[in-house]
S.K.: 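The following block contains the structure, expressed as structure tokens.
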Amino acid sequence: MKIKRRAISIITIIMIIFMGLIGRLAQIQLIQTESFSKHHVNLIEASIKQRTQSIVLDDGRGRFTDRNGEAITNDYYPSLVLFPFLKDMDWPSAKIAKITGIPEQYLLAEVNQAKAPFAYGGKHPIKLTEEQQKQINDLKIPGVFALYQQVYTNQIVARHLIGLVRQNKELIEKRYKEKLEIGLVSADTEIGITGLERAFDEFLLPEGESKLLYHVDQLGGPLFGLEVKYTAPANPYYPTSIKTTLNKPLQVIAEQAIDNMGMKKGGLVLLDVETSDVLAIVSRPQMNEENPFADAGGVNEMIQPQIPGSVFKIVTAAAVLENDAKIRGRRFNCNLNLYGEVRTDRELGSLNFEESFAQSCNYTFAKLAEEITVQNPTYMEDYAEKLGLISRVGWHGDVFHFNHFMQFPEERVGRVWGDEKDKNVKKAINQTAIGQKEVRVSPLAVANMMATIARGGQKKQVRAVSEVQYKNGTTLFAFPKQTLQGEGLSSYTSEQLQNLLKSVVQSGTGERFKTLPYTVAGKSGTAETGRNGLVNKWFAAYFPVEQPKYALVIVDLDVKESEAKTNDIVEIVIKKLYEWDTKK
């Protein structure tokens, strides 16, 4: 009797365990197939993923091009995609070789080594023409496809302007809370955190990947025949393309000139005089891609206010010219320092106003600043504003539902005074008049000032992007050319400043540039930083003088004056620009 009860108990336990296993199996196979466990795992998708091979053709994020459509961040073109199951088939490899120009033995070797689908050519696949693409696809060979693919460039130019993308869960929750809630983005989606990537992030967000996939068995052989599936977001207009105003060949010229001369900190801005569009922009030190904010390399120095030194004398000169200051027939003792107290290390003798500008005499401009300030205490900031030096110069305005959209989100505006009380202090006025004391202006703003003067005084906003384009090349949004708010210079004053800037190169501090293939008008500047004898070495210019085309600013920051590379880089860049223009 005891044995019978024990047997019944054992059988009962076995039945309970067995029923539990059946229940668990039913839960997995029938009930919670799409939301299993507290983690809500989709078991069907997980099962398919275990036996699926795929190749991602496009991660879905938008890309950047230069003004001529040349790729900056990544290219997008037809490539040859091959699947590994071809090694077990008799496929017409000779026909593919003939169409593409790839030797047949190379094609076969790559397929035989493949364990997963691949684009022929690796990270930089062979680029097919649309005719080659059509010929390949018309053959309808299983496992052979010619499809558009997103291909990342070896090195992105204008890195500081273009900016960075990173995963940032906190930022994505703050920026895209609603899209996150409805599943349009995920917590691990990469988003723009600096530069144009940040400014245009909402235009660039991916709507999903484009990829080819097929199912395999345990040994990697194809399941369900040789059918390959193409998946892509339903929206045919995305991803978008951001068409910048950059000219990629000129950007490469600029970066090579800066780097070959070993500039450690500083950079270059090159603008189109007619439009104030950015043609090239370089900032150094270079960015550390792995940890961009670990050092100064994460900052775009070209949109940060810097001490301008004598470049700021252009502002003082503009005020002198427009306010009928007493300069006609007048001479200044340029053996004195800016305070007129002692002899200076750089004795220039007796100079008139024009000669003082060409030779960058501190005393003349300090003295004139004192006199003009008596008539108008705000003249310095008034004329700095007229020349666009202390306001936001990067393109800004309304774009769809974005109020006050900014193409340069990290741009900082300049200033003339640090303390309003200094406007009544003689020595502070003297120092400010020559771009010292608390004066700070960005290289971008200085380049725009040179373009403004070259075209007769009309102030314009600086564009880095001209259009946002749909995938098919049509325009989603075009950024209009816009003026800077506020009064500008008169055409008369602009003409007088043009003459002064020409004199700097013809007979002044920029005379070494007199023999360049382009005739140049410009202003040099050596700003004392107050840090261990280091200076900011500037040259701001426009050229050719006869028909101004380029506005250029080059500045070597925090450098010993004897080691500054500014002048050498000016020569290199202008010569290269001339060569490039004459070869077109």
Side-chain angles (χ1 to χ4, degrees), residues 25 28-29 33-34 36 41-61 74-154 206-234 236 239 471:
L25 186 61
I28 294 171
Q29 294 280 354
T33 56
E34 297 185 13
F36 178 69
V41 177
N42 190 316
L43 296 174
I44 295 175
E45 286 185 1
S47 173
I48 292 173
K49 286 180 181 178
Q50 285 182 342
R51 48 191 170 86
T52 299
Q53 287 189 352
S54 66
I55 177 171
V56 176
L57 302 172
D58 189 339
D59 66 10
R61 186 170 178 84
N74 48 68
D75 209 345
Y76 190 69
Y77 57 77
S79 62
L80 178 64
V81 177
L82 302 172
F83 277 68
F85 59 67
L86 288 168
K87 70 183 72 171
D88 301 318
M89 294 173 52
D90 182 18
W91 60 288
S93 53
K95 289 184 179 180
I96 300 300
K98 184 178 180 180
I99 293 171
T100 62
I102 304 169
E104 184 181 10
Q105 63 269 29
Y106 289 6
L107 288 172
L108 294 172
E110 291 292 329
V111 168
N112 288 334
Q113 294 174 10
K115 295 181 180 179
F118 68 98
Y120 187 88
K123 290 183 179 180
H124 300 283
I126 183 172
K127 189 173 185 177
L128 303 176
T129 65
E130 290 189 355
E131 178 59 29
Q132 288 173 317
Q133 180 188 24
K134 183 178 185 304
Q135 290 176 12
I136 291 169
N137 289 335
D138 283 348
L139 293 173
K140 297 182 179 179
I141 305 169
V144 180
F145 301 90
L147 296 167
Y148 272 87
Q149 183 172 6
Q150 190 180 77
V151 181
Y152 286 90
T153 57
N154 279 324
E207 292 200 352
E209 296 177 333
S210 297
K211 57 188 174 182
L212 288 174
L213 51 86
Y214 79 116
H215 307 302
V216 297
D217 59 21
Q218 258 186 326
L219 300 176
L223 285 172
F224 317 126
L226 301 177
E227 182 181 357
V228 175
K229 185 179 180 181
Y230 174 75
T231 65
K471 185 178 181 177

S.K.: L80 vs L107, test: side-chain contact (heavy atoms from CB on, under 4.5 Å). Steps then yes/no.
M.R.: CA-CA 10 Å; L80 178 64; L107 288 172; 3.9 Å; yes

S.K.: Quick check for you: to the nearest 0.5 Å, what is the distance between F83 atom CZ and F145 atom CZ?
M.R.: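 The CZ atom of F145 is 5.5 Å from CZ of F83, to the nearest 0.5 Å.
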
S.K.: Not counting sequence neighbours, which residues clear side-chain hydrogen bond (donor to acceptor under 3.5 Å, both in side chains) with E110? List them please.
M.R.: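 Scan of E110 (side-chain hydrogen bond (donor to acceptor under 3.5 Å, both in side chains), adjacent residues dropped) gives none.
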
S.K.: Roughly how far, to the nearest 0.5 Å, is the OG1 atom of T129 from the CD atom of E131?
M.R.: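 So the CD of E131 and the OG1 of T129 are separated by 6.5 Å.
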
S.K.: Which atoms form the tightest heavy-atom contact between P117 and P84, and what is the distance?
M.R.: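 For P117 versus P84, the nearest heavy atoms are N-CD, 3.6 Å.
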
S.K.: If every non-hydrogen atom of T100 is compared with every non-hydrogen atom of I126, which pair is closest and at what distance?
M.R.: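 Distance-wise, the nearest heavy atoms are O-CD1, 4.2 Å.
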
S.K.: Does some side-chain heavy atom of Q149 sit less than 4.5 Å from a side-chain heavy atom of P125?
M.R.: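 Yes, close enough: below the 4.5 Å cut-off.
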
S.K.: Can we call the ring centroids of Y148 and Y77 under 6.0 Å apart?
M.R.: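 No.
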
S.K.: Can a donor-acceptor pair be found, under 3.5 Å and without considering hydrogens, that links the side chain of N74 to the backbone of Q150?
M.R.: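 Not at all, since once roles are kept as given, no pair shorter than 3.5 Å links the two residues.
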
S.K.: Tell me if the centroids of the rings in Y106 and Y120 come within less than 6.0 Å of each other.
M.R.: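 For Y106 and Y120, the ring centres are not under 6.0 Å apart.
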
S.K.: If you take all heavy atoms of I96 and I141, which pair is closest and at what distance?
M.R.: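 Of all heavy-atom pairs spanning I96 and I141, the closest is CD1-CD1, 3.8 Å.
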
S.K.: Measuring from L108:CG to S93:OG, what's the distance to the nearest 0.5 Å?
M.R.: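 Those atoms lie 4.0 Å apart.
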
S.K.: Does E104 reach the main-chain N or O of A97 with its side chain, forming a donor-acceptor pair under 3.5 Å?
M.R.: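 Side chain of E104 to backbone of A97, a donor-acceptor pair under 3.5 Å: no, none is there.
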
S.K.: What pairs of residues pass the salt bridge (Lys or Arg N to Asp or Glu O under 4.0 Å) test when at least one of them lies in residues 133-142, not counting sequence neighbours?
M.R.: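 Salt bridge (Lys or Arg N to Asp or Glu O under 4.0 Å) check on residues 133-142 returns K134-D138.
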
S.K.: Would you give the length of the straight line joining atom CD of Q135 to atom NZ of K98, rounded to the nearest 0.5 angstrom?
M.R.: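 So the CD of Q135 and the NZ of K98 are separated by 9.5 Å.
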
S.K.: Mind checking the CD1-OG spacing from I136 to S79? Nearest 0.5 Å is all I need.
M.R.: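 Rounded to the nearest 0.5 Å, the CD1-OG separation comes to 9.5 Å.
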
S.K.: Quick check: closest heavy atoms across Q132 and K127, and the distance to 0.1 Å?
M.R.: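 What the structure gives for the nearest pair is OE1-O, 4.2 Å.
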
S.K.: Hey, what do you get for NZ (K471) to OG (S210), rounding to the nearest 0.5 Å?
M.R.: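 Answer for the NZ-OG pair, K471 versus S210, is 5.0 Å.
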
S.K.: Apply the side chain to side chain contact (heavy atoms under 4.5 Å, CB included) test between V111 and each candidate in D88, V144, L86; give the one that qualifies.
M.R.: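 Among D88, V144, L86, the one that satisfies the side chain to side chain contact (heavy atoms under 4.5 Å, CB included) with V111 is L86.
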
S.K.: Under the 3.5 angstrom rule, does the side chain of Q133 hit a backbone N or O of P78 as a donor-acceptor pair?
M.R.: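 No, Q133 side chain to P78 backbone: no donor-acceptor pair under 3.5 Å.
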
